[in-house]
Amino acid sequence: MGSSFSRSYSPNSNRCSDNTERRGTISRVDSTVEYVESVVCNENDLKENEMKVFDIGDEGKVLLVKQKGEINALGTKCTHYGAPLTSGALSDGRIRCPWHGACFNIKTGDIEDFPGFDSLPCYQVTVSEKGQVKVKAKISDLKSNKRIKDMGSVSPCDGSVVVIVGGGPSGATCAETLRSEGFKGRITVVAKENYLPYDRIKVSKIGTVTEIEKLQVRTQDYYQDANIEILKGVEATNVDSEERLVYLNDGSKLRYSALYLATGSKPRVPDVPGINMKNIFTVRNFEDSMNILGTLGSEKDKDVVVLGLSFIGLETAASCCPKAKSMTVVGKDAAPLGQVFGLEIGRSLQKLFEEKDVKFHFGTTIIKCNGENGAIKSVELDNGTTLPADMLILGVGSTFHTDFLKNSGIKLETNGAVSVNDKLETNIKNVYAGGDIAYAPVYAHGNKQMSIGHIGLAQYHGRVAALNILKKEIPLKTVPYFWTMLFGKSIRYAGCGKSSNIQIEGDINELKFVIFFFDESDKVIAVASCMRDPIVSQFAEFLYQGKSLHKKDLKDDPFAWTKSIVP
């Protein structure tokens, strides 16, 4: 697949002689690869623990990072959605994206936490005796700002087989990590959907009909080149952990040396009369999104009701609102995201939605769906209200996709989650589980076990599971990181746990704030923000470093702690 430089050079040990120093920009071809080499700045232009973007000739830009007296050059933007990394959180040896929390090693550019699939290109740096910083880069890397790790090779003599059940981001990340870390055996991914792994984040945010190819994270050629077999449209029906066999719904079976389970969740559907009528949708996969948009159309002639006041319901309402005749959101909470952020923030979000003509019914739920000719036409609420509804979209949580494991011998919690240790291994040796279904230790919550459904964590689980399948003994170091975008307002949250009180810094009415969440001992267990980047990414790094913060630490300067995440 090709790779960029993955080395960095210290200004103290890689100085060029002034006699050979070149001050201009040089473009040249080494073999078949085009490079550009240029002096981009002086070493004194960068302070310790500072990040800056510089032009490299006319070919593009590079991000320089100075830490511990060493200068490293990287791609300038997060490989996930293109966030500028100069606005991110620099900590000890890595940068965390300000938008969604992906992390990149400043020496190698490797992605270490997620979301996203690609690493950053990392460029060669030399510093002359006069302190001029010269960078050499592949021109193609400057244009793409991404680097796909080399996949290594497969050995026909290696009889080991890893079966991955689940074709989502967690399973895809596990498969890629196995190959890039040197696994030479067979890799088979069992994917329930008829597609290659794709960006599931956009399912609740797609505003227009799109092609699945635009969402897929890799091409079929990539998987073929990497010798990763994707079985599309196939579902696991049973696991025989004694015989090490996975049974599939097409009648076939797969033998494994190691097994990774990442089957995710399925949307919860309320048990009310009429719930099986046409034009009632869940929001989980690409087909759901396309069916919603196809039914909604572009004539603005549909009354739409959304059930659910959390992330999925609100994101769907926000993305569909411009095409609907009317949009009404129903839920038992007292405000949008009230259980997450509290009533004050929730009411500001309510105002934001109401300015876009979205209506709310709080403290209630749907008890019946009414229809004509098999299609929904209205919903009845438990407060006696009837709402017109040409479409009903359900966003009321999910259940675990683990029914097929009930007779496997793999330990399940009463809710169907799979219990795992800090290496993501189940009670059965060489059987691992991750993503939504994993009841796993959470480092940021005192290593208490929790099940957390979010793509970034799912991908992180995939990476850690792969490393432990390879017997690298890497423990989880989970810091949950969530985000949403609602009518142009970005809300982020890092941490976890039940809060007993909060402290708000900023302007709630303008939706520009930071919230500190405290437990009963006044320890900060989470931080949320709206339009105040990169504070949440900084707090995520703070937790990752094993540090703690209390209410008393916020008294004089609520943000003084941000300076402590760099060495």
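- Figure legend: cation-pi geometry between Arg200 and Tyr198, with NZ or CZ positioned under 6.0 Å from the six-membered ring centre and within 45° of its axis.
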>> Using salt bridge (Lys or Arg N to Asp or Glu O under 4.0 Å), reason through Glu50 and Lys66 one step at a time and then give a plain yes or no.
In response: CA-CA 6 Å; Glu50 186 176 24; Lys66 188 174 185 179; over 6 Å; no
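- No hydrogens or angles considered: a donor-acceptor pair under 3.5 Å links the side chains of Gln67 and Asn49.
- Asp436 and Ser265 are linked by a side-chain donor-acceptor pair at a separation below 3.5 angstrom, with hydrogens and angles left out of the test.
- Between His100 and His80, the ring planes lie perpendicular to each other; the angle is over 60°, past the 30° to 60° tilted range.
- A 6.0 Å sphere centred on NZ of Lys471 holds more than 12 heavy atoms belonging to other residues, nucleotides or ligands.
- For the 3.5 Å distance criterion, the side chains of Tyr81 and Asp199 qualify, holding a donor opposite an acceptor.
- Side-chain contact, Ser128 with Lys134: no donor N or O sits under 3.5 Å from an acceptor N or O.
- In summary, Glu59 and Lys143 do not engage in a salt bridge, as defined by a charged side-chain N under 4.0 Å from a carboxylate O.
- Residue pairs that meet the salt bridge (Lys or Arg N to Asp or Glu O under 4.0 Å) test with at least one member in residues 530-539, sequence neighbours left out, are Arg492-Asp533.
- Applying the 6.0 Å contact sphere to CZ of Arg284 captures more than 12 heavy atoms from other residues, nucleotides or ligands.
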>> Walk me through whether Tyr260 and Ser170 qualify under side chain to side chain donor-acceptor pair (under 3.5 Å).
In response: CA-CA 10 Å; Tyr260 181 53; Ser170 192; 2.6 Å; yes
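- Under the 4.0 Å criterion applied to side-chain N and carboxylate O atoms, Lys477 and Asp422 are not assigned as salt-bridge partners.
- Applying the 6.0 Å contact sphere to NZ of Lys512 captures no more than 12 heavy atoms from other residues, nucleotides or ligands.
- The pair Glu112-Arg463 does not count as a salt bridge, with every side-chain nitrogen at least 4.0 angstrom from each carboxylate oxygen.
- Annotation: His454 is in aromatic contact with Trp483 [ring centroid separation under 6.0 Å].
- For Asp507, the salt bridge (charged side-chain N to carboxylate O under 4.0 Å, His left out) test picks out no residue, with sequence neighbours left out.
- Note: Phe516 and Trp561 have perpendicular aromatic rings, judged against thresholds of 30 and 60 degrees for the angle between ring planes.
- For the residue pair Asn501 and Lys551, a side-chain donor N or O sits within less than 3.5 Å of a side-chain acceptor on the partner.
- For the residue pair Ser537 and Tyr481, a side-chain donor N or O sits within less than 3.5 Å of a side-chain acceptor on the partner.
- A donor atom on one side chain and an acceptor atom on the other are not found under 3.5 Å apart for Glu520 and Ser500.
- In summary, Glu48 and Lys68 do not engage in a salt bridge, as defined by a charged side-chain N under 4.0 Å from a carboxylate O.
- Counting heavy atoms of neighbouring residues, nucleotides and ligands inside a 6.0 Å radius, atom CD of Gln339 does not exceed 12 of them.
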> Going through the distances and angles, do Ser153 and Lys184 end up as a side chain to side chain donor-acceptor pair (under 3.5 Å)?
Replying inline: CA-CA 6 Å; Ser153 60; Lys184 296 183 181 298; 3.0 Å; yes
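- Considering only heavy atoms from C-beta on, Leu337 stays 4.5 Å or farther from Leu309 through its side chain.
- Taking the six-membered ring where the residue is Trp, the centroids of Phe487 and Phe353 are separated by under 6.0 Å.
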